[in-house]
Amino acid sequence: MTSAVAYCRVSTTRQGKSGLGIEAQRAAVQRFAAAEGIEIIAEHVEIETGKGVDALDRRPQLAAALAQARKQKCPILVAKLDRLSRDVHFISGLMAHRVPFIVAELGSDADPFMLHLYAALAEKERTLISQRTKAALAAKKAQGVKLGNPRAAETAGKAHQANRAAADQFAANALPVVRSIQASGISSLAGIAEALNARGVRTARGGAWHASTVRNLLSRARA
């Protein structure tokens, strides 16, 4: 039986005291391990932020998990990629430790290249959310001014352009994942949508994929 070191993390002391998140991660890891025939030989639980260039220095449990996995020559198993980090540079730094990582929500076949892609998508999704929030606030502000304000139409136009540019960028970032799915032999739109959902990839709006959203993505990529 293959062995692995489990790692769970919540990012605030409040979450750690309440237990919210840790049990859900532990359950996800245990379900995945049972399905894949993996023996969990140790578990490391962290209550710390994942931000900053010195994030690993402030996460002693992750450092301990790395050391133990290296000694036992086994991977580290986490429930979701963001439990390691939402920062693609931090993920790249972890890969340099030469310890394999298995992300339960992505499956055992997600190699380091795919983990980098997913991290980049997560980073881009945060940017898109920020841009949409700013555009929505700008639109609300425009709605609050007197009717006939010449700047209202200009603000709405800029918000539309920003949303369109953000959607184009998301399509460009998501396309390599879709191409990898197609290369595996899945060609139908419904099949691609199912594979994206199974890998934990969300749409630009944070929802689940359907055949229609995959079609829109491919159409935008060809435009």
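Values in this document were obtained by computation on a predicted structure and should not be read as measured data.
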task = Decide side chain to side chain contact (heavy atoms under 4.5 Å, CB included) for L66 and L94; before the verdict, give the C-alpha distance in whole Å, the side-chain angles of both, and the deciding distance to 0.1 Å.
result = CA-CA 9 Å; L66 284 166; L94 290 179; 4.2 Å; yes

query = Roughly how far, to the nearest 0.5 Å, is CG of L62 from OH of Y7?
reply = 4.5 Å

task = Rounded to the nearest 0.5 Å, what's the gap from OG1 on T2 to CD1 on I41? Could you check?
result = 11.0 Å

inquiry  = Distance check, rounded to the nearest 0.5 Å: T213 atom OG1 versus L189 atom CG?
reply    = 9.0 Å

message = Could you measure the distance from the OG atom of S212 to the CG atom of L217? Nearest 0.5 Å is fine.
response = 11.5 Å

inquiry  = So S3 and K73, do their side chains get closer than 4.5 Å, heavy atoms only?
reply    = no

remark   = Contacts of R179 meeting salt bridge (Lys or Arg N to Asp or Glu O under 4.0 Å) (sequence neighbours excluded), chain-then-number -> none

note = Closest non-hydrogen contact found for A6 with I40 is CB-CG2, 3.8 Å

key: Any side-chain heavy-atom pair of V78 and V29 under 4.5 Å   = no

query = If every non-hydrogen atom of A104 is compared with every non-hydrogen atom of A28, which pair is closest and at what distance?
reply = CB-O, 4.3 Å

ask   = Is I102 close to I76 at the side-chain level, that is, under 4.5 Å between some pair of heavy atoms?
value = no

query = Are any non-hydrogen side-chain atoms of E43 and R26 less than 4.5 angstrom apart?
reply = yes

Rounded distance (nearest 0.5 Å) linking atom CD of E46 with atom CZ of R59 = 6.0 Å

Minimum-distance pair of heavy atoms, taken over all atoms of T203 and A208 = CG2-O, 3.4 Å

ask   = By side-chain contact (heavy atoms from CB on, under 4.5 Å), which residues pair with E194, not counting sequence neighbours?
value = none

message = What I'd like to find out is whether the side chain of V45 reaches to under 4.5 Å of the side chain of V10, using heavy atoms alone.
response = no

request  = Identify the two heavy atoms, one from L81 and one from V103, that lie closest to each other, and give their separation to 0.1 Å.
outcome  = N-CG1, 3.4 Å

query = Closest heavy-atom contact between C74 and A4?
reply = SG-CA, 4.0 Å

task = To the nearest 0.5 angstrom, please state how far the CG atom of L77 sits from the CD atom of E39.
result = 12.5 Å

query = Residues two or more places apart in sequence or in another chain: which of them pass salt bridge (Lys or Arg N to Asp or Glu O under 4.0 Å) with E36?
reply = none

message = A side-chain contact here means heavy atoms from C-beta on lying under 4.5 Å apart; do H44 and V5 qualify?
response = yes

ask   = Do you know which two heavy atoms are closest between A69 and V99, and how far apart they sit?
value = CB-CG1, 3.7 Å

